[in-house]
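Working notes, structure below.
Computed from heavy atoms alone, side chains included, the values below leave out hydrogens, waters and symmetry copies. Each chain gets a letter, A, B and so on, in the order the sequences are listed, and its residues count up from 1.
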Amino acid sequence: MGTPGRNLNNMRISQLFGKRLREIPAEADTDSHRLLLRAGMISQLAAGVYSYMPLALRSLRKIENIVRDEMNKTGAQEVLMPTLQPIELWQKSGRDLAMGQTLFHLADRKDRNLVLGPTHEEVVTDLAGRNVQSYRDLPFTLYQIQTKMRDEPRPRGGLIRVREFTMKDAYSFDADEAGLDVTYKKMVQAYKNIYRRCGLPAMIIEADSGAIGGKDSQEFMAVTDIGEDEIIICDACGLGANVEKAVSVKAGAENGPPMDIEEIETPGKESIDDLAVFLKVKTAQTLKAVFYTADGDLIFTVIRGDLEVNEIKLKKVLHAVDLRLATDQEVKAKGIVPGSASPVGMLGVRVIADISVTSGTNFVAGANKQGRHLKNVNYPRDFKTEIVADISKAKAGDACAVCGSALRTVRGMEIGHVFKLGTSISDKLGACFVDENGASHPIIMGCYGIGIGRLMAAVIELNHDDKGIIWPPAIAPYQVYLCPLYMDNAEVVKQADGLYETLTGMGIEVLYDDRAESPGVKFNDADLLGIPVRITVSPRSLEKGSVEVKLRSEKKPELVALGDAIGRVKTLLG
RNA sequence: CGGGGUGUAGCGCAGUUGGCAGCGCGUCUGGUUUGGGACCAGAAGGUCGGAGGUUCGAAUCCUCUCACCCCGACCA
């Protein structure tokens, strides 16, 4: 006899690689992380770098196959592109700078500089460019399911933010905007199908497209308190947007006739709160200065005292690659008095004002003199700006820009992102096609990503109880947890073995708890692993010619005659 | 990169004033058990993250360093 082979549809727990943990691993503090570790599904090698053990891999493969199926249905074609990419490609697109330290760099033996792909817009655009000449070659969509490498500043939450991860990324290539719109809609529908099939409620929101650029951009979010993103929601009109992008109407400032500007003493009042209390005005009646350094330039932003600068919006308005808060030294070097800075009379500095300065009058602002402020400052009478734009953060309680109802916020985890990329990359990489008239144009692109591992973590985050995971059947590692009690009872073993054979023969995936453990241990492991259906075979139920069948999501088992057990399981699994 | 924290057995942790390296869980052996993480007896398991220093003597004190976790920055 050689080594016993294995049916891919079944597994005996005694053979399964990966120990379940009774105690909660100390390093985990999100539910999905704790459960993935306790279930013996993942194992950490370094910060944000994990091995996926057999149970996890089975779920991941199922998710991948759902994704693959939905992609194929849209007509997209699967490819596989390299992880190892020449840096020149990134220099051409300009995104080596935009990605910054997130790019993993390495050199080969000939000292050529390479990066490990954090995403594949560059490679796929190069690939498309080599294979497209005419509008007749368009449109098409390519996708892959592949490993991405990103040197994240802070990996966290188990599989929620990691440095090496599997992503499905798709890229569409169209000849015109109308074509892109059609493709984009198909992708959005495919994404909805994917989340539904994975048993994960996903919310679609408006998003910023980030370093990648482009026009329309939407994110698919799983709503959970541990999410890294803040989502602004309008219950009245159904609008949802990432706070990075969200627009809102901020009431609160007075709107009386402009009065004469007046300089006043405000000794030691350097913060907006102190100033407002001292002058007995609302913070919404003050203007504050926030200083940034954008690609080396000092930027003076003016915004109502009660609002916060949205740095994503500011970055976009400025077309900046690198934006950070300015240091005190940088501010003082321009002759500005921190704590009493004023846009009034400000020269030689780029002044960017939030739109909020235009919707109120008679603000309190700095005098640019130590210990002094100005009353009744009005725009544009008293100060000039380079740009007036919406650069403030939306927050709960603001009015919806569409319907005026009050907005609220929830936290969400990004589980998918689609956007209309346009021609920003195809232009730079020279991926062009010739139209009917013989004119050359850059190909119009869209891109569409789903993190597979993060999706699995999100499913667990939203589908568990205090005992363990509750897998949606479509992505559960196995469908049935076969749980005989008292393995020293010959009849129990005989019936359980029989069920194991039969279920396996029918193509139902069975995890067989063949250990001589006590009932408590087995039930707890069954709950922890979260397999949808548990069949308990015991002397007690066999006496009645029955076994117990229980859904993981239900509290109570039902007694089912032995002969009906298989049928009942099939029904429960739909 | 800034702030906070943790590194001691596979996991969770204790270790006082510097004086024999500990506990619980798990593991192994034998026995008794068995419907929600059983019990008894016995056993194995440690470069105390690493390097250097102080000291008769360091898990403990000092210096440096590494790793991991959390908050922030950042995040296609």
Side-chain angles (χ1 to χ4, degrees), chain A residues 18-30 33-34 37-38 40 43-49 90 93 95-96 98-103 117-122 124 148-158 160-163 165 167-171 207-214 217 219 226-229 242 244 311-312 315 322-325 327 413-414 416-419 421 424-425 447-451 454 466-468 483-489 492 515-528 534 536-542 548 550 555-557:
Chain A
K19 286 258 173 70
R20 286 150 306 284
L21 305 177
R22 212 171 261 209
E23 299 194 64
I24 298 166
E27 82 259 23
D29 72 353
T30 59
H33 192 192
R34 273 194 284 266
L37 287 169
R38 284 195 55 214
S43 180
Q44 182 172 22
L45 183 61
V49 181
W90 289 81
S93 73
R95 290 210 304 165
D96 57 329
M99 295 292 295
Q101 291 198 297
T102 303
L103 270 181
T119 175
H120 281 71
E121 282 82 13
E122 278 75 2
V124 81
K148 308 292 184 216
M149 309 285 189
R150 294 183 190 175
D151 196 356
E152 292 287 349
R154 185 148 90 85
R156 75 185 105 181
I160 288 164
R161 180 166 293 278
V162 288
R163 296 193 295 172
F165 60 100
M167 177 165 138
K168 186 287 299 175
D169 45 327
Y171 307 91
D208 182 79
S209 50
I212 200 164
S217 172
E219 286 169 333
I226 62 139
E228 297 175 296
D229 292 281
N242 194 305
E244 294 175 350
E311 295 180 9
I312 309 270
K315 199 168 171 178
D322 180 54
L323 181 79
R324 57 174 174 80
L325 281 170
T327 62
M413 188 193 305
E414 179 185 350
H417 198 162
V418 296
F419 39 106
L421 180 53
S424 58
I425 290 179
C447 50
Y448 318 90
I450 291 185
R454 186 189 278 188
D466 57 336
K467 287 288 198 179
C483 189
L485 304 182
Y486 316 113
M487 293 296 285
D488 50 0
N489 180 309
V492 165
R515 300 170 300 171
E517 287 285 354
S518 69
V521 170
K522 292 188 164 198
F523 288 152
N524 277 300
D525 274 349
D527 288 343
L528 175 61
R534 186 182 81 193
T536 307
V537 182
S538 69
R540 183 193 290 181
S541 50
L542 285 180
E548 285 168 27
K550 178 183 154 325
K555 284 259 182 299
K556 296 270 176 203

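Picking from G37(B), C70(B), A76(B) the nucleotide with the shortest atom distance to the side chain of Asn524(A) gives G37(B). Picking from G36(B), C13(B), A73(B) the nucleotide with the shortest atom distance to the side chain of Asp527(A) gives G36(B). Taking every side-chain heavy atom of Arg161(A) into account, C75(B) is the closest of A73(B), C75(B), G37(B). Side-chain atoms of Arg154(A) lie closest to C70(B) of the nucleotides C70(B), A76(B), G12(B). Among the nucleotides G26(B), A76(B), A73(B), the one closest to any side-chain atom of Glu121(A) is A76(B). For Phe165(A), counting side-chain heavy atoms from C-beta on, the closest listed nucleotide (G36(B), A73(B), A76(B)) is A76(B). Comparing C68(B), G12(B), C70(B) by their closest approach to the side chain of Ala46(A) singles out C68(B). For Thr119(A), whose side chain is taken as the heavy atoms from C-beta onward, the closest listed nucleotide among G24(B), A76(B), G37(B) is A76(B). Comparing C74(B), A38(B), A76(B) by their closest approach to the side chain of Val521(A) singles out A38(B). Considering only side-chain atoms of Gln44(A), the nucleotide from A38(B), G12(B), C68(B) that sits closest is C68(B).
Sequence order on RNA chain B of the closest nucleotides to Asp29(A) and Val537(A) puts Val537(A) first from the 5' end. Of the two residues near RNA chain B, Glu23(A) and Asp488(A), the one whose nearest nucleotide lies more 5' is Glu23(A).
Gly157(A) comes within 4.0 angstrom of the backbone, heavy atoms only, and of no base. Pro155(A) comes within 4.0 angstrom of the backbone, heavy atoms only, and of no base.
Taking a pair to require two hydrogen-bonding distances under 3.5 Å in either a Watson-Crick or a G-U wobble arrangement, A51(B) pairs with U63(B). Base-pair partner of A41(B): U29(B) (Watson-Crick or G-U wobble, both distances under 3.5 Å). In this structure C1(B) sits in a base pair with G72(B), meeting the Watson-Crick or G-U test at under 3.5 Å.
In this structure, Lys315(A) reaches the C75(B) phosphate: one of its side-chain N or O atoms is under 4.0 Å from OP1 or OP2. The side chain of Arg22(A) places no N or O atom within less than 4.0 Å of a non-bridging phosphate oxygen (OP1 or OP2) of G37(B).
As rounded to whole Å, 14 Å separates atom C1' of U27(B) from atom CG of Leu21(A).
Judged by distance alone with a 3.5 Å cut-off, no donor-acceptor contact links the side chain of Glu517(A) to the base of G37(B). Between the side chain of Arg515(A) and the base of G37(B) there is no donor-acceptor pair of N/O atoms closer than 3.5 Å. Between the side chain of Arg38(A) and the base of G12(B), no donor-acceptor pair under 3.5 Å is found.
Rounded to the nearest Å, the gap between the P atom of A76(B) and that of U6(B) is 33 Å. Straight-line distance between the P atoms of A9(B) and G24(B): roughly 16 Å, to the nearest whole Å. For C48(B) and G22(B), the P atoms lie 14 Å apart once the distance is rounded to whole Å. Using atom P as the reference point in both G4(B) and U63(B), the two lie 16 Å apart (nearest Å). G10(B) and G3(B) have their P atoms separated by 33 Å, with the value rounded to a whole Å. Taking the C1' atom of each, A58(B) and G19(B) are spaced 10 Å apart, rounded to whole Å. Distance noted for atom C1' between G7(B) and A51(B): 16 Å (whole Å). Rounded to a whole angstrom, the distance from the P atom of C23(B) to that of G46(B) is 15 Å.
Between Asp208(A) and Glu244(A) the shortest heavy-atom distance is CB-OE1, 3.8 Å. Between Asp151(A) and Gln101(A), the closest heavy-atom pair is CB-O, 3.5 Å. Scanning all heavy atoms of the two residues, the minimum distance from Lys555(A) to Lys550(A) falls at O-CE, 3.5 Å. The two residues Gly449(A) and Met167(A) make their nearest non-hydrogen contact at CA-CE, 4.2 Å. The shortest heavy-atom contact between Arg34(A) and Ile24(A) is CD-CG2, 3.3 Å.
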Stepwise side-chain contact (heavy atoms from CB on, under 4.5 Å) check, Glu414(A) with Asn242(A):
CA-CA 10 Å; Glu414(A) 179 185 350; Asn242(A) 194 305; over 6 Å; no
